[in-house]
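Note that the coordinates shown come from a computational prediction; the quantities given were computed from them, not determined experimentally. Chain letters run A, B, ... following the sequence lines, proteins first, then strands; residues in each count from 1.
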2 protein chains.
Amino acid sequence: MSLSYALLGLLSGDRPMNGYAIKALFDEAISHVWQAKLSQIYRELDALEAKGLLVSSIEEQRDRPSKRLYRATEEGKKAFLDWLGSVPESYASPKRDEFMLRLFFGSLAGPELVAREFRGFLGHMREHRASFENLHSHLAERFPGDPAMERADRICREDRYCEFIRRRAVLLAEASIAWAEECLAELEAEGDGRA
Amino acid sequence: MSLSYALLGLLSGDRPMNGYAIKALFDEAISHVWQAKLSQIYRELDALEAKGLLVSSIEEQRDRPSKRLYRATEEGKKAFLDWLGSVPESYASPKRDEFMLRLFFGSLAGPELVAREFRGFLGHMREHRASFENLHSHLAERFPGDPAMERADRICREDRYCEFIRRRAVLLAEASIAWAEECLAELEAEGDGRA
DNA sequence: CTGGACATGTAACAGGTTACATGATTCT
DNA sequence: AGAATCATGTAACCTGTTACATGTCCAG
């Protein structure tokens, strides 16, 4: 359900967007908040248009293939604002963490295997943290001349809520790194003791 | 895919389990790691039995309705251990966080609405943290005389990897709480300044 | 002229949710 | 008699992933 509101929100602005560009925006700006495949985005845009919450038009381009631009209708904008103003049913996001599930079976895997996984996890989280510490979107570069993308880029840089989101990503990554380092040290200390 | 391995892992032990009890174990022990509905668990158990990775048998009980006990076959145990030993494709769990998505649209919602959401989020996270700080499963109480559940309870209390998982949940909750308090303070300070 | 970025889609499948149906047993 | 817990399932639906198909335009 939330994906449709994300789309309505992005398309409620004064700048219409096409599916491909929305996908790029998802990937660069909110991939750690919400992710979606292109095929799902196209399907959802279709469904929203069928419901009358979006309208689309074809824009021909000289130097590139033409694209289908979507914008929210008044009804679509209202649906989005209603959602935004509603009380969320839950603040808990669905948890499906393969690494943690593997860790749950750690005693069946053995300390060496678990230690290996912790190293992989640490590598991933350090990369993740670095990518958010010096976050800067390249949307304007990738889509030169596209006002919607320039606007999105600017929002990502200047908007306080985007900054909140960025800060949380960094803090959570740091907490995970500290945790994993501690666990790994514990496992390795034991390994040395035995060897 | 991971749900099937979670089930195979739980049923690879010497104690067979029924779907209903597995659901209870999911909820009490690993709900923040992996969650699943009863209907999905039954469907998955069915599929795994059809593949020959599980076998089931009916156990009649005097005081309660009879139940279908599942256990992993040798092939099932092998499939589980293969998975456990394999290198995970990714350490990133899929992100779909409604609260963060709403925050992303914060400038369209306005500071008051966002502040309200932060308060809701804080309430949820504080509860969440408390529930993990004094974590103790009630499985043995809920299923008296069930050896599988007594075993699960003991593992949750004693297993080092379960302790790792618990610690991470607490640390992440604390990081989220600190972050949200800071953001909320920033929003409220601005509100006072204006008023 | 080939590969890559841009662009839009379809179809099939896998994974997850909701709603419904059924029934045993125990407790009040 | 009615509610609560234990217990198993089915069907429909929604959401998300994978694979495939098609085509434009530009740069090397």
### Message
Restricting to ring pair (Phe, Tyr, Trp, His ring centres under 6.0 Å), what partner residues turn up for A/Tyr91, sequence neighbours left out?
### Response
B/Phe99
### Residue list, salt bridge (charged side-chain N to carboxylate O under 4.0 Å, His left out) with B/Arg64, at least two apart or on another chain
none
### Query
For residues 5-17 of chain B, which residues have at least one heavy atom under 4.0 Å from DNA chain D?
none
### Task
Using a 4.0 Å cut-off on protein heavy atoms (strictly under), produce a 5'-to-3' string for nucleotides 6-15 of chain C with B for base contact, S for backbone-only sugar-phosphate contact, and - for none.
BBBBB-B--S
### Query
Is B/Asp97 salt-bridged to A/Arg168, going by a charged N under 4.0 Å from an acidic O?
yes
### Query
Is it true that A/Lys78 and A/Glu75 have a side-chain N and a carboxylate O under 4.0 angstrom from each other?
no
Tabulate below the donor-acceptor pairs under 3.5 Å that side-chain atoms of residues 65-72 of chain A make, not counting sequence neighbours, or state none.
{"from": "A/Lys67", "atom 1": "NZ", "to": "A/Gln61", "atom 2": "OE1", "distance (Å)": "3.3"}
{"from": "A/Arg68", "atom 1": "NH1", "to": "A/Ser56", "atom 2": "OG", "distance (Å)": "2.9"}

Value in whole Å for how far the [atom2] atom of [N] lies from [atom1] of [X]:
{"X": "B/Ile41", "N": "D/dA7", "atom1": "CD1", "atom2": "P", "result": "14 Å"}
{"X": "B/Met149", "N": "D/dC6", "atom1": "CE", "atom2": "P", "result": "10 Å"}
{"X": "B/Leu3", "N": "D/dG16", "atom1": "CG", "atom2": "C1'", "result": "16 Å"}
{"X": "A/Ile58", "N": "D/dG23", "atom1": "CD1", "atom2": "P", "result": "16 Å"}
{"X": "B/Lys23", "N": "D/dT5", "atom1": "NZ", "atom2": "P", "result": "15 Å"}

### Query
Has B/Lys95 got more than 12 heavy atoms of other residues, nucleotides or ligands less than 6.0 Å from its NZ?
no
### Query
By the rule that ILVMFWY residues connect when side-chain heavy atoms come within less than 4.5 angstrom, directly or transitively, which residues belong alongside A/Leu113?
none
#### Entry: Test item: A/Glu44 and A/Ile22 side chains (from C-beta on) under 4.5 Å apart, heavy atoms
no
